[in-house]
Amino acid sequence: MVTTAELTEYLDEIRLQVCTRCVDRPPGGPPCAPLGKQCGIELHLPELIEAIHGVNSTSIMPYLDNNRHQICEHCPQQHSSDCPCPMDYLAVLLVQAVETVDARRAAAVGA
C-alpha cells in the first residue's frame with residue numbers, strides 16, 4: 001500500500017514528466033479534476049503505482065497489459081466515450097516517472 005506522502009511524491013514527479021506532455025490537459029492544469037477534466041492518472045493513482053510496481057520489463061507492453069488487467073477491467077468508464085485515461089499514449093513517461101521516484105528513494109536509503 002502506498003502512503004499519502006509517497007503518493008504526493010509520485011504525483012509531483014508525474015506532473016513534471018507526464019502531465020506537461022498531455023494533450024488533454026486543460027489550461028491551468030494539473031490538477032485537472034477541479035478544472036472539469038477527469039484524468040485517469042489522477043483517478044487511479046494508487047492503483048497505477050501498484051500496477052507499475054508489479055512489472056519489471058524493458059518493454060512497455062507488459063506494463064500496459066498489467067494496467068488494463070489491474071485498473072481498466074474494474075473501471076466503470078471502460079469502453080465508454082468518457083474514458084478519462086491518457087495512460088496508453090503516456091505510458092512510457094508514466095513508468096519512467098514512477099521509476100524516477102523509486103530510484104531516488106533507493107539512493108536515499110543507500111546513502
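The analysis underlying the following values was restricted to heavy atoms, covering all of them including side chains, and did not include hydrogens, waters or symmetry mates. Positions are given from 1 along the sequence.
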For this session: Report the distance from atom NE2 of H69 to atom CG of L64, rounding to the nearest 0.5 Å.
Result: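 So the gap between those two atoms works out to 14.5 Å.
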Problem set entry | Gap between atom CG of N67 and atom CD1 of I52 - 0.5 Å precision | 5.5 Å
Exercise. Under 3.5 Å, is there a donor-acceptor pair between the side chain of Q38 and the main chain of L43?
Worked result: no
For this session: Examine distances only and state if a side-chain atom of E42 and a backbone atom of C32 form a donor-acceptor pair shorter than 3.5 Å.
Result: yes
Exercise. Taking the side chain as C-beta and beyond, is there a heavy-atom pair between E9 and D12 under 4.5 Å?
Worked result: no
ring-ring contact (aromatic ring centres under 6.0 Å, His included) partners of [range], not counting sequence neighbours, each pair once:
range           : result
residues 24-50  : none
residues 81-110 : none
residues 3-28   : Y10-H53

For this session: Report the C-alpha distance between N66 and Y63 in whole Å, list the side-chain angles of each, state the deciding distance to 0.1 Å, and finish with yes or no for side-chain contact (heavy atoms from CB on, under 4.5 Å).
Result: CA-CA 5 Å; N66 200 39; Y63 291 97; 5.9 Å; no
Problem set entry | ILVMFWY network linking L45 to L35, side-chain heavy atoms under 4.5 angstrom | no
Can you give each donor-acceptor pair under 3.5 Å made by side-chain atoms of residues 14-28, sequence neighbours left out, with the distance rounded to 0.1 Å?
unit_1	atom_1	unit_2	atom_2	d
Q17	NE2	E13	OE2	2.6
Q17	NE2	T100	OG1	3.1
T20	OG1	L16	O	3.1
R21	NH1	Q17	O	3.2
R25	NE	C19	O	3.2

Exercise. Can you name the side chain to side chain donor-acceptor pair (under 3.5 Å) partners of T4, sequence neighbours left out?
Worked result: none
Exercise. Who passes side chain to side chain donor-acceptor pair (under 3.5 Å) against E50, sequence neighbours left out?
Worked result: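 With neighbours one apart ignored, the set is empty.
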For this session: Would you check, one step at a time, whether the test side-chain contact (heavy atoms from CB on, under 4.5 Å) holds for E6 with R105?
Result: CA-CA 10 Å; E6 291 169 334; R105 287 192 171 163; 2.9 Å; yes
Problem set entry | Heavy-atom closest pair, residues L94 and L48 |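 It is CD2-CD2, 3.9 Å.
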